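Written below as C-alpha cells is the structure these notes are about.
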Amino acid sequence: MITWKKPLAFAFTCLLSLSLLTPSLNQKTEAFTSSNADTAMSSFVNVFYDAPAKYFYVNSDHQIHSEHAHGPNGGLYTDFWWEAQLWETVMDAYERTGSATYLTMIHDIYTGFNAKYPDMTANTFNDDLGWWALACLRAYELTGTVEYLNRGSYLFNQIYAEWDTSFYGGGIWWRKDSHNPNISSNAQKNMATNAPMVMAAIKLRNAYNDTSYLTKATQIYNWTKSTLVTSSKINDHIEGAGMGIIKDWDFTYNYGTFLGAAVSLYQSTGNASYLTDANNAAQYVINKMVSAQTLMYEGVNDAGGFKMIFARNLNRLRVQGGQSQYLNFLQQNATQAWNHRRTSDNIIGSDWLRPTGSTYVQSLTAAAGASILQLVPADGYTGYIAGNGAYEAENAQKTLVSGSGLINESTNPGFSGRGYIGGWNTNGTSIDFYVNQNSAGSKTVTFRYAAAAGNASRYVKVNGVFIANNLVFNSTSSWGNYGTVTVTIPLNAGSNTIQLGYDSSKGNSNYLNVDLLSGL
C-alpha cells in the first residue's frame, strides 16, 4: 500500500526525515567510476538483503520502526511495492554488469516474494499490483523466463479489469475495493496506477506481438494525459463526486511514470508527439524540482524512492528516446549520490545534497542511490558538484514548530520555480539550504524575497556559525513584488548548510516570503 497519498502521512514523513538524516562530518569525495557503481550495489545488497529469506529488509539496522512498519514479519521485510522496486534495482545492476550473481538474485527474489505473498491479487491496491506486473515483464525481457511473462500478463489483466468510464470518463481505479467517490474517500484514479500500465501494455504487445495491447496502452495514455496532465505539469490524481477534483501534488515519481509511458509509446509507434510529452515532463523536473540541478529531497518512507523511478525512466528517455541531453544531468546526480554516501557502509541516504547520517536508512531510499549508479555510464569525474548555484526555497528543507506556517505557496505571482515559502514569522523555524562547492572560499549570495507587511529580518547561519544575526529584508510594495538582499558567507569545499532562520531574541521580526537563494 502506498501510504504517501494521504497528506498527513506525507507531512509526517517530511518531519520525520529531519531526525533520520543527521549529517556526518569530513565527507570524502571520489570520482564516479564503474568501481563505485559496483561498490554501491554490493554494499546495498550486503546491508539490506536477507539471502536465506530471499527478501529485503526495510531498514539497514534490521529492526522494525513504527514509521514504516508495513510488510511481512510485522514490517521487518519490505512491503509489496517496495520489494518490486528493489527487484528492479537488482535488474538495473544485472543490465549494467551481466553478473551471474544478480541473475540468480532476480530468480531468488521472485521466489522469496511469492513465499511471503502466495496470492498477489489479494492486495487491493492496483498500483502495487502494477509495479509487480511491470517488474515481472522486465524480468522476462532480461531472462526469457516464461513464468515472469505469464505472471505479468495475469496481473495486467487483473488491473485492466478496473478500467471504468462511470466516473471521470475512464481510467483505472487506484483500489479494487473503492469505485464510488460518492461514498468513499479512497475512490481515486491516479498517475501511479495508470501510467505504469501503459509501459506494461507495451511490453506485452512486444512479447506477444499482439496489437490489442497497443490499443489498451493508447487508451490508458490518452485518458491519463487528458485528465491528469496540465501543460507540462503532471498531477497526482483525481477524486471526488461529479467531474472530480484534480490534486496537483508534485512528486518526481509521477513525472517519471508519465514520461516512461510516453517513451514506451514512442518506441512502439514512432510518433514524435510522445517524445515531446516525455521531454516536457522531464524538463519540468529538471527546471523546477531540483536544488542547483540535484534532484530535490522529497522525504523518507515511500517518498525516499521517488527519485529512483524518475531517474530510471529519464535514462530510458536518454537511451531509447535518443535524448542524449540528459546524460550530464544524470551523471551529476549519480556523482552527488555517491559523494554523499555514508562511508562506513557505502549506503546512500535520501538527500543527495548532504552527507548520509549515522542512523538507520530505509531500503527504498538506499536503492534510489544504488540504482542511479547502475543506470548511468560512469564519467570518471573527480570532485564535488556545485550545480548551477540556484536553490529554490520551496525545494529546500524546513525546520518547523507546531503552528509555525512556513509553507510552500504559489498564490502570489512573480516567483521562480514552483513557488516560494510563505507564512513565516515564528521562533525556532528556518529554511535550510544544503549547498555544495567545488572549492573553499567566500561567496556573496542573494536571497530573493517579498515583504509586503513591512521590513522583515532573519538570521543567517553557515555550517553552524552565525554570519548575520539580523539581516534586514526591506519592505516590498506587494507580495507579488520581489526584492533582493545579499550577504557574504564563507563556504567549505564540498557540503555546506546555509540556514535562514527566525529568532526574535536576535531582533528577527515580521512576515517574509522567500523565493530563491542564488549566487553559488
Side-chain angles (χ1 to χ4, degrees), residues 7-23 67 249-250 291 296-300 303 351 353-354 391-412 414-435 445-487 489 496-517:
L8 289 177
F10 184 70
F12 175 74
T13 288
C14 293
L15 289 170
L16 171 74
S17 65
L18 297 177
S19 66
L20 293 183
L21 288 170
T22 304
E67 73 277 355
W249 307 337
D250 269 346
S291 289
M296 62 181 281
Y297 169 82
E298 294 177 89
V300 292
D351 192 337
L353 277 170
R354 62 166 171 161
Y391 293 79
E392 293 287 347
E394 69 275 12
N395 297 342
Q397 288 199 46
K398 300 183 285 289
T399 301
L400 306 172
V401 297
S402 179
S404 65
L406 201 66
I407 57 175
N408 286 3
E409 291 183 348
S410 56
T411 306
N412 298 297
F415 55 81
S416 63
R418 298 180 298 134
Y420 52 87
I421 287 181
W424 183 23
N425 70 336
T426 308
N427 279 328
T429 55
S430 67
I431 307 171
D432 301 322
F433 299 92
Y434 301 114
V435 170
V445 300
T446 300
F447 292 100
R448 188 172 190 264
Y449 71 92
N455 290 351
S457 59
R458 297 292 185 272
Y459 71 76
V460 178
K461 186 189 289 187
V462 178
N463 297 325
V465 177
F466 286 99
I467 303 302
N469 286 331
N470 201 33
L471 183 67
V472 175
F473 295 77
N474 289 322
S475 175
T476 58
S477 59
S478 71
W479 291 114
N481 182 37
Y482 289 81
T484 59
V485 63
T486 60
V487 60
I489 60 174
N496 298 268
T497 301
I498 301 174
Q499 183 176 87
L500 186 67
Y502 189 105
D503 182 348
S504 60
S505 71
K506 298 182 180 300
N508 301 168
S509 63
N510 220 337
Y511 285 99
L512 182 70
N513 291 353
V514 181
D515 180 45
L516 178 70
L517 171 66

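Keep in mind that this is a model prediction, so the values were computed, not measured.
- Using the six-membered ring where Trp is involved, Y459 and F466 have ring planes that are perpendicular, over 60° apart on the 30 and 60° scheme.
- When all heavy atoms of A452 and S478 are compared, the closest pair comes out as CB-C, 3.4 Å.
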* Going through the distances and angles, do L517 and V445 end up as a side-chain contact (heavy atoms from CB on, under 4.5 Å)? -> CA-CA 7 Å; L517 171 66; V445 300; 3.8 Å; yes
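- Interatomic distance, NZ of K506 versus CG of L471, reported as 13.5 Å (0.5 Å rounding).
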* Derivation of the side-chain contact (heavy atoms from CB on, under 4.5 Å) call for I498 and Y391 -> CA-CA 11 Å; I498 301 174; Y391 293 79; over 6 Å; no
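- The backbone N or O of G422 sits nowhere less than 3.5 Å from a side-chain atom of E409 that would complete a donor-acceptor pair.
- Here N425 contributes atom CG and S509 contributes atom OG; the two are 9.5 Å apart, rounded to the nearest 0.5 Å.
- Side chains of T429 and T399 form no contact here, defined as non-hydrogen atoms less than 4.5 Å apart.
- Between the side chains of N470 and S457, at least one donor-acceptor pair of N or O atoms lies under 3.5 Å.
- Remark: the backbone N or O of K398 is not paired with any side-chain donor or acceptor of D432 at under 3.5 angstrom.
- Between the CG atom of L406 and the CD1 atom of I431 there is a distance of 5.5 Å, given to the nearest 0.5 Å.
- A donor-acceptor pair under 3.5 Å links the side-chain atoms of Y449 to the main chain of N474, judged by distance alone.
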* **side-chain contact (heavy atoms from CB on, under 4.5 Å) evaluation trace for D515 with E392** => CA-CA 6 Å; D515 180 45; E392 293 287 347; 4.0 Å; yes
* To do: Could you go through the side-chain contact (heavy atoms from CB on, under 4.5 Å) check for S410 and F415 one step at a time?
  => CA-CA 8 Å; S410 56; F415 55 81; 3.7 Å; yes
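- Without hydrogens or angle criteria, N408 side chain to E394 main chain gives a donor-acceptor distance under 3.5 Å.
- Defined by atom type and a distance below 3.5 Å, a donor-acceptor pair is present between the side-chain atoms of N427 and S504.
- N510 contributes no side-chain N or O that, together with a main-chain N or O of A451, makes up a donor-acceptor pair within less than 3.5 Å.
- Within the 4.5 Å cutoff, the side chain of T484 has no heavy atoms near those of the T486 side chain.
- E298 approaches D250 most closely through the heavy-atom pair OE1-O, 4.4 Å.
- D503 and N508 share no donor-acceptor pair across their side chains, judged by distance under 3.5 Å alone.
- When atom types are taken as modelled, the side chain of T476 and the backbone of N481 share a donor-acceptor pair closer than 3.5 angstrom.
- Annotation: the span from F473 atom CZ to R458 atom CZ amounts to 7.5 Å, rounded to 0.5 Å.
- Residue L516 holds its CG atom at 11.5 Å from CD1 of I421, rounded to the nearest 0.5 Å.
- Exactly one residue among Y420, Y482, W479 makes a side-chain hydrogen bond (donor to acceptor under 3.5 Å, both in side chains) with N412. That residue is Y420.
- The line from OG of S291 to CZ of R354 is 11.5 Å long, rounded to the nearest 0.5 Å.
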